[in-house]
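For reference, the structure is listed below as structure tokens.
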Amino acid sequence: MTVPNGTLVQPACFLLPIPAWHWLQLSFFTMVGPNGNESSATYFILIGLPGLEEAQFWLAFPLCSLYLIAVLGNLTIIYIVRTEHSLHEPMYIFLCMLSGLDVLISTSSMPKMMAIFWFNSTTIQFDACLLQMFAIHSLSGMESTVLLAMAFDRYVAICHPLRHATVLTLPRVTKIGMAAVVRGVALMAPLPVFIKRLPFCSSNILSHSYCLHQDVMKLACADIHVNIIYGLIVIISAIGLDSLLISLSYLLILKTVLGLTREAQAKAFGTCVSHVCAVFIFYVPFIGLSMVHRFGKQHDSLLPVILANTYLLVPPVLNPIVYGVKTKEIRQRILRLFHVTTHTLDP
């Protein structure tokens, strides 16, 4: 994108379609730096897919289709779990939470991405960028917590089946969901402060299709060691700890399952397959993106963008498909729902 004489193109604000986050913009995102001076950047430029600018218009069609599939699939899961009283069990309630988070995560980035690809709306206001960044990172932390809770549910159900009903009661499951929200918000609460303190006095062009902390802080013309340390603390205390506990839970599950009969083993593994797939779908792109940002070469700009888009779009698309195919109860309800819908539409 050409910027003659150093003059930036006129800004076009794009706020996330999540009204629940608006209060955050009025609190966290209107703060000023430590010296009372606002950051020098008023907006950023998102370049979409570097090197593929001419193909972005056409690439937006399959990406938009995937986004619609993700929203429809996850809303279908939420509707089925909510309306079927027989599915009001911890495993399915956690699945409902996961689906809701997948909808919010994909919605936090895809509309702006479509605006970039189709309408060349590449600018995003500084506060809107902070809002998007906060939403993406906090929602990701919440999803990691929910995946950990789902692993704990499988551990109790398989290793201590007689205690499952008393350990994971519906009120306790609700509290776990609330704790996931509080944890995600608390981990990201310092993020606006650490970004607001940075001066942006040179380029304001971001290499991604949406705002990420790793991408934004690299544009600062000041020491960013505080931001780097903060990012490492968040990754270790959230993603690192959660993935470690999930691995530990499955080691204990495997130890228990190996002592069962073959029929019981098949049943136990069958209840875990969907969750294991969801864990890999979520953590592999996230870890890959973090590794590329920290150890990748600066000129390899397309790979982190592809990983970032994969990280936010692929899990919301695949999770309802995996659970719809692998989980018998969900699959039966989906088939029944489509049968009813088709019967209603028949003349």
Side-chain angles (χ1 to χ4, degrees), residues 70 73-74 76-78 80-81 84 86-102 105 140-170 172-177 179-180 238-288 311 314-335:
N74 284 288
T76 300
I77 295 291
I78 294 173
I80 290 174
V81 173
E84 291 286 342
S86 61
L87 298 181
H88 290 181
E89 299 178 2
M91 182 176 75
Y92 300 109
I93 295 175
F94 286 135
L95 174 59
C96 193
M97 295 179 189
L98 184 69
S99 296
L101 290 171
D102 279 340
I105 287 176
S140 298
M142 296 175 201
E143 181 153 342
S144 180
T145 306
V146 171
L147 288 172
L148 174 60
M150 297 173 79
F152 177 70
D153 169 66
R154 292 298 86 208
Y155 163 74
V156 177
I158 295 174
C159 299
H160 305 282
L162 299 179
R163 298 177 56 191
H164 184 261
T166 56
V167 172
L168 285 169
T169 61
L170 291 182
R172 192 164 292 169
V173 169
T174 302
K175 291 179 181 178
I176 292 174
I239 305 300
L241 179 61
D242 292 352
S243 58
L244 178 63
L245 292 176
I246 290 172
S247 301
L248 177 61
S249 68
Y250 274 105
L251 286 176
L252 296 174
I253 289 173
L254 182 61
K255 180 181 177 181
T256 300
V257 169
L258 291 178
L260 303 176
T261 63
R262 288 192 175 183
E263 183 179 353
Q265 286 179 353
K267 184 177 179 180
F269 282 129
T271 63
C272 297
V273 168
S274 300
H275 179 254
V276 171
C277 291
V279 168
F280 276 100
I281 290 169
F282 176 79
Y283 284 107
V284 170
F286 182 91
I287 295 174
Y311 160 63
V314 171
V317 172
L318 292 184
N319 282 340
I321 296 175
V322 169
Y323 276 95
V325 172
K326 292 294 184 179
T327 308
K328 179 182 177 182
E329 293 78 8
I330 297 292
R331 182 173 66 251
Q332 289 177 343
R333 267 67 174 188
I334 291 176
L335 293 175

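Residues: numbered from 1 along the sequence shown. Not measured: the values here are computed from a predicted model.
Exactly one residue among L335, L95, T76 makes a side-chain contact (heavy atoms from CB on, under 4.5 Å) with I330. That residue is L95.
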Applying side-chain contact (heavy atoms from CB on, under 4.5 Å), run through F152 and L168 and close with a yes or a no. CA-CA 10 Å; F152 177 70; L168 285 169; 4.1 Å; yes
Given the rule in the side-chain contact (heavy atoms from CB on, under 4.5 Å) test, do Y323 and C277 qualify, once you have shown the distances and angles that lead to the verdict? CA-CA 9 Å; Y323 276 95; C277 291; over 6 Å; no
Please determine whether side-chain contact (heavy atoms from CB on, under 4.5 Å) holds for the pair L258 and L254, giving the CA-CA distance in whole Å, both sets of side-chain angles, and the decisive distance to 0.1 Å. CA-CA 6 Å; L258 291 178; L254 182 61; 4.2 Å; yes
Worked check of side-chain hydrogen bond (donor to acceptor under 3.5 Å, both in side chains) between Y155 and H160: CA-CA 7 Å; Y155 163 74; H160 305 282; 3.1 Å; yes
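Taking the side chain as every heavy atom from C-beta outward, R172 and P90 never approach each other to under 4.5 Å. Counting heavy atoms from C-beta outward, M97 and V173 have side chains that approach closer than 4.5 Å. For the pair D242/L147, no side-chain contact is recorded, criterion being any heavy-atom separation below 4.5 Å from C-beta on. F280 is listed as a side-chain neighbour of V276, based on a closest heavy-atom distance under 4.5 Å. You'll find the side chain of F282 stays beyond 4.5 Å of the side chain of L318, heavy atoms only. Using a 4.5 Å heavy-atom cutoff, the side chains of I77 and L98 are not in contact. Taking the side chain as every heavy atom from C-beta outward, S86 and R333 approach each other to under 4.5 Å. Counting heavy atoms from C-beta on, the side chains of Q332 and K328 come closer than 4.5 Å.
Here the NE2-CD distance, from H164 to E89, works out to 8.0 Å after rounding to the nearest 0.5 Å. If you take CG on L87 and OG1 on T327, they are separated by 10.0 Å, rounding to the nearest 0.5 Å. If you take OH on Y250 and CD1 on I158, they are separated by 7.0 Å, rounding to the nearest 0.5 Å. S243 contributes atom OG, which lies 11.5 Å from atom CG of L248 (distance to the nearest 0.5 angstrom). Separation of atoms NE2 (H275) and CG (N319) is listed at 9.5 Å; rounding is to 0.5 Å.
Across all non-hydrogen atoms, the minimal contact from I176 to F94 is CG2-CE2, 3.8 Å. Contact record, I281 with V322: CD1-CG2, 4.2 Å, taken as the closest heavy-atom pair.
Although no hydrogens or angles enter the test, the distance criterion places no donor-acceptor pair under 3.5 Å between the side chain of T169 and the main chain of T166. A donor-acceptor pair is defined here as one N or O able to donate and one able to accept, closer than 3.5 Å; such a pair exists between the side chain of S249 and the backbone of I246. Under the 3.5 Å distance criterion, the side-chain polar atoms of D102 are left unmatched by any main-chain donor or acceptor of A70.
For the residue pair S274/R154, the side-chain donor-acceptor check at 3.5 Å is not satisfied. Remark: the Y311 side chain and the S140 side chain contain an N/O donor-acceptor pair separated by less than 3.5 Å. A donor-acceptor pair shorter than 3.5 Å cannot be found between the side chains of E84 and Y92.
In this structure, R163 places its CZ atom where only 12 or fewer heavy-atom neighbours from other residues, nucleotides or ligands lie under 6.0 Å away.
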